[in-house]
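Note sheet for the following structure.
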Amino acid sequence: YYLFLREKWGLYFITLILAWITIEQVPLLTCLLGIHFVLKKPKEVLSLIRGPKLNRSLVSLLTIITSIICFILSRQVIASFPITGELMEHYKAVQNFSVLGMKEDPIYMPIYVLQHPDRAAHALLHDFHLKFLYLVFLFAPLMFLPIRNRLSIFALIFILTFVLSNHGPY
């Protein structure tokens, strides 16, 4: 984010690539970050029609496109190593969401939560005191200031997935 604001594009894309190779879900976050930048100034994106030049709008669109490509490629690489049976459930960590009632890939959790809000409420109440303390310990040292930032919505999406699980470390 800092490199984007300072318009240091080389370091920005190097940082994106390094983030992408850490874990396969990071391209989803960087895609949301690119969407945030596009929605922040949509008129600049329309100005790219006149002539593309390396500015924030073009880099935002490149971030979205490359993030989607990276996510698709990472899913294909993972699919090329066939994991079957009991190991697949362990790999996808389906057992961590048993309180939610999910039996499929956790990537579909937003759809599942929208279809089953009663189970989502039950999952939120599971070990609620521990989840509440975790959020307090996470944000209290910073006086809850990160919540006021618009970008924190992306982090809160991932925190919500952890809060919906029954896995202790989450």
Side-chain angles (χ1 to χ4, degrees), residues 1-79 92-93 96-97 100 102 104-117 120-121 123-124 131-132 134-165 167 169-170:
Y1 185 76
Y2 173 79
L3 296 172
F4 182 87
L5 293 179
R6 296 288 175 224
E7 297 183 0
K8 296 183 179 185
W9 306 131
L11 288 173
Y12 173 75
F13 281 109
I14 289 171
T15 306
L16 277 182
I17 292 169
L18 290 174
W20 290 337
I21 62 175
T22 57
I23 190 166
E24 67 269 12
Q25 289 90 3
V26 171
L28 294 174
L29 270 179
T30 57
C31 183
L32 290 174
L33 189 66
I35 291 170
H36 166 74
F37 292 138
V38 166
L39 293 177
K40 199 171 181 181
K41 295 189 178 179
K43 291 181 182 177
E44 284 185 15
V45 176
L46 294 175
S47 70
L48 289 175
I49 296 171
R50 289 185 221 129
K53 58 181 178 178
L54 198 59
N55 59 13
R56 288 184 181 192
S57 300
L58 182 62
V59 171
S60 299
L61 292 175
L62 288 174
T63 300
I64 294 169
I65 293 167
T66 54
S67 295
I68 291 170
I69 291 170
C70 183
F71 180 73
I72 292 169
L73 286 175
S74 67
R75 296 302 268 182
Q76 287 179 346
V77 167
I78 291 169
K92 290 185 177 180
N96 295 339
F97 300 98
L100 189 59
M102 277 189 63
E104 53 199 36
D105 193 351
I107 198 85
Y108 301 113
M109 185 184 300
I111 297 168
Y112 187 84
V113 167
L114 291 174
Q115 291 176 342
H116 306 283
L124 282 173
K131 295 172 184 178
F132 179 75
Y134 170 74
L135 293 175
V136 168
F137 289 147
L138 183 66
F139 291 112
L142 300 172
M143 298 185 312
F144 295 92
L145 289 176
I147 295 175
R148 296 185 62 205
N149 189 342
R150 284 181 275 156
L151 283 177
S152 65
I153 187 112
F154 301 127
L156 292 176
I157 290 170
F158 279 93
I159 290 173
L160 181 64
T161 60
F162 299 147
V163 171
L164 289 173
S165 78
H167 187 53
Y170 289 170

**Request:** For side chain to side chain contact (heavy atoms under 4.5 Å, CB included), just list the numbers for Leu138 and Ile159, CA-CA rounded to whole Å, side-chain angles, deciding distance to a tenth of an Å, and then say yes or no.
**Result:** CA-CA 11 Å; Leu138 183 66; Ile159 290 173; 3.8 Å; yes
Give, for atom [atom1] of [X] and atom [atom2] of [Y], the distance between the pair rounded to the nearest 0.5 Å.
X      : Y      : atom1 : atom2 : result
Phe137 : Phe132 : CZ    : CZ    : 10.0 Å
Ile111 : His116 : CD1   : NE2   : 11.0 Å
Met102 : Ser165 : CE    : OG    : 11.5 Å
Ile21  : Ser74  : CD1   : OG    : 12.5 Å
Leu16  : Leu33  : CG    : CG    : 8.0 Å
Arg56  : Thr63  : CZ    : OG1   : 12.0 Å

**Message:** For Ala140, give me all partners under side chain to side chain contact (heavy atoms under 4.5 Å, CB included), at least two apart in sequence or on another chain.
**Reply:** Val136, Phe144
**Message:** Could you go through Leu58 and Asn55, starting from their C-alpha distance and side-chain angles, then the distance that decides it, and tell me whether this counts as side chain to side chain contact (heavy atoms under 4.5 Å, CB included)?
**Reply:** CA-CA 6 Å; Leu58 182 62; Asn55 59 13; 3.7 Å; yes
**Prompt:** Is there any ring-ring contact (aromatic ring centres under 6.0 Å, His included) pair reaching into residues 8-34, and which pairs are they, with sequence neighbours excluded?
**Reply:** Phe4-Trp9, Phe4-Tyr12
Of all the heavy-atom pairs spanning [X] and [Y], show the shortest one and how long it is.
X      : Y      : result
Pro27  : Cys70  : CG-SG, 3.8 Å
Ile68  : Cys31  : CG1-SG, 4.0 Å
Met109 : Leu100 : CG-CD2, 4.1 Å
Ser67  : Thr30  : OG-OG1, 2.7 Å
Leu164 : Phe97  : O-CD2, 4.1 Å

**Asked** Is Glu24 paired with Arg75 through a side-chain N to carboxylate O contact shorter than 4.0 Å?
**Response** no
**Prompt:** Which pairs with one or both residues in residues 152-161 pass salt bridge (charged side-chain N to carboxylate O under 4.0 Å, His left out), sequence neighbours excluded?
**Reply:** none
